[in-house]
A.B. asks: 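Structure provided below as structure tokens; questions to follow.
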Number of protein chains: 4
Amino acid sequence: MTTGGATQTRRRGRPRSDRARRAILKAAEELLLAPSGDAVSMDAVAARAGVSKATIYRWWRSKETLTLDALYDEWATASRPRDTGSLRGDLLSLLRPWVELAGRRPYGPVIARLITEARTDPTFAEEYQARFVQPRREAGRAIFARSIERGELPPDTDVEVALDLLYGPLYHRLLHGHASFDDRFARDVVDTALAGILPRRE
Amino acid sequence: MTTGGATQTRRRGRPRSDRARRAILKAAEELLLAPSGDAVSMDAVAARAGVSKATIYRWWRSKETLTLDALYDEWATASRPRDTGSLRGDLLSLLRPWVELAGRRPYGPVIARLITEARTDPTFAEEYQARFVQPRREAGRAIFARSIERGELPPDTDVEVALDLLYGPLYHRLLHGHASFDDRFARDVVDTALAGILPRRE
Amino acid sequence: MTTGGATQTRRRGRPRSDRARRAILKAAEELLLAPSGDAVSMDAVAARAGVSKATIYRWWRSKETLTLDALYDEWATASRPRDTGSLRGDLLSLLRPWVELAGRRPYGPVIARLITEARTDPTFAEEYQARFVQPRREAGRAIFARSIERGELPPDTDVEVALDLLYGPLYHRLLHGHASFDDRFARDVVDTALAGILPRRE
Amino acid sequence: MTTGGATQTRRRGRPRSDRARRAILKAAEELLLAPSGDAVSMDAVAARAGVSKATIYRWWRSKETLTLDALYDEWATASRPRDTGSLRGDLLSLLRPWVELAGRRPYGPVIARLITEARTDPTFAEEYQARFVQPRREAGRAIFARSIERGELPPDTDVEVALDLLYGPLYHRLLHGHASFDDRFARDVVDTALAGILPRRE
DNA sequence: CGGTAATCGAGACGGTACGTCATGTCTTACA
DNA sequence: TGTAAGACATGACGTACCGTCTCGATTACCG
């Protein structure tokens, strides 16, 4: 992991400056989401953080890895989904906070950049998946598993397709920006995906 | 328009070299989809096309605009959807050729790059939408309109959400590459979106 | 010669447009001596003359050749030296009009450019010499020859050195611009150089 | 100053690579005086020096400024004039080494290029004057001052004109190349000019 | 308390691509 | 055939980032 976690055995030498680490992440995040929208440059991040480029590259392999961390700082706070007892409730508790978070600021371009890089560099792709995609997808899988256990869904439900039917539309609007990306849309997606577009025959 | 359309009244000077235009588009397309995946460089396109950079910049404002045209050359051939008489049939005839085309080569990274640029440069966003997104979306709208006319769907159906429920999952896999992007998935998406994830009560 | 002289035998086809020729020379001359001082570009000359670049290149091999002609248009008017009966008078009648002409406008940079080109391209060097240097030098030689014939100067006078002693200082100030380039300087040069060239009376 | 002088107080960051600096100057000088005579290109200098273009532009504002330094590297070695006790001796000790140096290689076109640039860009003109013109001219002024002090020359001698009478012919041949530029010519110029400058014995 | 070692700031470096510009050639349609 | 329009290949320009590097200065620990 880039950011480093527990300080395993206490290393020799000067310890890492946490002030620098935080300044870098803050600067990166501010530049990423700047209204101007122009791409972040490492020189700019270094300058704004009052830090040397070498320090950044000591802890982050690339601009994209830094972007990942800068974003993750905020996104990790997305609330964990609750067990509401129903599939619909669980999914709403999974997706609505995520949509609220993703819509709060212009994340679209940033995510697009991350995806671009992920499709170019397989190593980065792994990090991206591990941090941004799989955790939420795994949470979704757990929800569907509970629903199947409850007998709400048949055991042969194709969960992967179901997840794409939920996350796909959300990412679609987040990235393309062709229509509103809000709580209402999140609810519409959940409801329509669960019930289907065609009306039920009574 | 960059590609130029009908030759209105025959201009005065030396006419545009169609040989150069085709060579540029071909070179761009080949480099875009090169297995190496490294980004296209304008110098590389110029060199491969046996053309000067100035000539490229005379006709395309930016690398992304060129990318758009290069891709469009292939994608414009995607077959028009047929009127099959049923919503499901129409949608399948809309989406399956598109999936077949998009999956034939590694378009994911390319599309990701276009989206990134679109979210950065509003002028480019318009071109991208007009060429790649709206035409297919419009075709989808026509399909839903026919279906409503036939009484298959209620008139208050939210078509925009429905379209996102169809295109969203497809783009999701195309861009993220987390699962297979194929004809089977296209059919699953259509069927599940139309019928819903939850089982019908009989 | 580039400009062409008498139309020998009446050529076939459309005759050369004299209007275009004059417009080109005028445009070139105006741009060359523009206060901005930025270099002339052939596109700019063509645009200002309302002429196509091809037309320029049909009649002038290069930008420098055109510059030569554009300048020559003005400089050819420099009055012929008169036979005043004395070496000093002859030289003053040779150099003072030339200095007056060369100082009237910012010719320094232009001449510098011509010299640069002449030292690079031997073909151009010949044209430059033939048009700008040798005629005046030849006039100088004639003056010295008359002076020797009159017995004013000994027959073994090194005329080439003498000419450089006269033209050298003038070109020096014209090109370097480190001190005033005016009629007074011309007279000073003639008087001082002459004092050294003329034999001492014993 | 671009070349840098004494290392004042030891700067913070990575120190300038002297290896790169020398390689750049050497490459520039080699290309400037290449027999081919084709103009130097910054790309060529960078390639030959094994250096990036950015590094060149970090230290030199323009191609001409670099040329100045590259040339100066060699020309700064021109011997200081000695006090020989006579005006003639002093001037010969000033001019002959300069002529020897300037004639050793094809400097004509290079100097012409510098002059052209100096007459276009006033900022560069100052640098050019300060480095190439004024030092030698100042040395000349000192020589004349000593001569006046000795009573060899009258106090109202126009030193500036005298200097132009000496340097003018030399530059004239150096730039125009119309006649031999050698030690003999230097002596001829000094002798002829001096005869005009020195007062007549009555 | 002095040595060892990893960190930090500053910033220069080689490299790659950018998008622009000027040169001189060329290919049309029109005169 | 000459000309206006203007596209073309060539190649240099100067700039912007990238990620690496080399300094001197700092800050811990460990002996």
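Since we're looking at a predicted model, the values are computed, not measured. Just so we're on the same page: letters track the sequence lines, and every chain starts at 1.
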A.B. asks: Taking CG from D18(B) and C1' from dC8(F), how many angstroms apart are they, rounded to a whole number?
C.D. replies: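 It works out to 14 Å between those atoms.
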A.B. asks: Using only side-chain N and O atoms of W59(B), determine if any of them is under 4.0 Å from OP1 or OP2 of dG6(F).
C.D. replies: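 No.
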A.B. asks: Please report, rounded to the nearest Å, how far the P atom of dG15(E) is from the CZ atom of R58(D).
C.D. replies: 15 Å
A.B. asks: Under the 3.5 Å rule, do the base of dG19(F) and the side chain of K63(A) count as making a donor-acceptor pair?
C.D. replies: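 No such pair is found, so the answer is no.
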A.B. asks: Rounded to the nearest Å, what distance is computed from the CZ atom of residue F124(C) to the P atom of nucleotide dG24(E)?
C.D. replies: 12 Å
A.B. asks: Categorize S52(A) for me: base, sugar-phosphate, or nothing, with a 4.0 angstrom heavy-atom threshold over every strand shown.
C.D. replies: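 Base contact.
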A.B. asks: Report yes or no: does T67(A) contribute a side-chain atom to a donor-acceptor pair with the main-chain N or O of K63(A) at less than 3.5 Å?
C.D. replies: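 Yes, T67(A) side chain to K63(A) backbone: donor-acceptor pair under 3.5 Å.
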A.B. asks: On the nucleotide dG14(F), are OP1 or OP2 found under 4.0 Å from the side-chain N or O atoms that Y57(D) carries?
C.D. replies: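 Answer yes for this pair, as a side-chain N or O of Y57(D) is under 4.0 Å from OP1 or OP2.
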A.B. asks: For dC23(F), does OP1 or OP2 lie under 4.0 Å from any side-chain N or O of R12(D)?
C.D. replies: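 So the side-chain polar atoms of R12(D) never come under 4.0 Å of the phosphate oxygens OP1 or OP2 of dC23(F).
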A.B. asks: Could you give the CZ-to-P distance, from R19(A) to dT7(E), as a whole number of Å?
C.D. replies: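 Nearest whole value for this atom pair: 16 Å.
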A.B. asks: What's the closest nucleotide to the P15(B) side chain, out of dG2(F), dT27(E), dA17(E)?
C.D. replies: dT27(E)
A.B. asks: Please tell me which of S62(A) and G50(B) maps to the more 5' nucleotide of DNA chain F, matching each residue to the nucleotide holding its nearest heavy atom.
C.D. replies: G50(B)
A.B. asks: Looking only at the side chain of M42(A) (C-beta and beyond, no hydrogens), which of the listed nucleotides dA12(F), dG19(F), dC21(E) gets closest?
C.D. replies: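 Closest nucleotide to the M42(A) side chain: dG19(F).
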A.B. asks: Answer yes or no on whether R21(C) is positioned over the face of W59(C), meaning its NZ or CZ is under 6.0 Å from the six-membered ring centre and within 45° of the axis.
C.D. replies: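 Verdict for W59(C): no cation-pi partner in R21(C).
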A.B. asks: Rounding to a whole Å, what distance do you find between D121(B):CG and dG19(E):C1'?
C.D. replies: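 To the nearest whole Å, that distance equals 15 Å.
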A.B. asks: With a 3.5 Å cut-off and just heavy-atom distances, do the side chain of K53(B) and the base of dG11(F) make a donor-acceptor pair?
C.D. replies: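 No, no donor-acceptor pair under 3.5 Å.
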A.B. asks: So does R16(D) get a side-chain nitrogen or oxygen closer than 4.0 Å to the phosphate oxygens (OP1/OP2) of dA12(E)?
C.D. replies: no
A.B. asks: Using a strict 4.0 Å threshold on nitrogen-to-oxygen distance, state whether E29(D) and R105(D) make a salt bridge.
C.D. replies: yes
A.B. asks: Just how far, in rounded Å, is P of dA17(E) from CD of E64(B)?
C.D. replies: 15 Å
A.B. asks: Hey, is the main chain of L175(D) close enough, under 3.5 Å, to the side chain of R119(C) for a donor-acceptor pair?
C.D. replies: yes
A.B. asks: What about R14(D): does its side chain form a donor-acceptor pair under 3.5 Å with the base of dC13(E)?
C.D. replies: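 A donor-acceptor contact between them is absent.
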A.B. asks: For A44(D), which contact category applies under a 4.0 Å heavy-atom criterion: base, sugar-phosphate, or nothing?
C.D. replies: nothing
A.B. asks: Grab the CD1-P distance between I56(C) and dG2(F) for me, whole Å please.
C.D. replies: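 Rounded to the whole Å, the gap is 16 Å.
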A.B. asks: Among dA17(E), dT3(F), dC17(F), which nucleotide has an atom closest to any side-chain atom of D43(B)?
C.D. replies: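 Given the options dA17(E), dT3(F), dC17(F), the side chain of D43(B) is closest to dA17(E).
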A.B. asks: Classify the nucleic acid contact of A46(B) as base, sugar-phosphate or nothing, counting any heavy atom under 4.0 Å across all strands shown.
C.D. replies: nothing
A.B. asks: Give the rounded distance in Å between these two atoms: CG of L31(D) and P of dG11(F).
C.D. replies: 16 Å
A.B. asks: Would you classify V40(C) as touching base, sugar-phosphate or nothing, given that sugar-phosphate means primed atoms plus P, OP1 and OP2, and contacts are heavy atoms under 4.0 Å?
C.D. replies: sugar-phosphate
A.B. asks: Hey, is E127(A) close enough to R61(A) for a salt bridge, meaning N to O under 4.0 Å?
C.D. replies: yes
A.B. asks: If you compare every side-chain N and O of T55(C) against the phosphate oxygens of dA4(F) (OP1, OP2), does one of them come in below 4.0 Å?
C.D. replies: yes
A.B. asks: For the side chain of T116(C) and the backbone of A112(C), is there at least one donor-acceptor N/O pair under 3.5 Å apart?
C.D. replies: yes
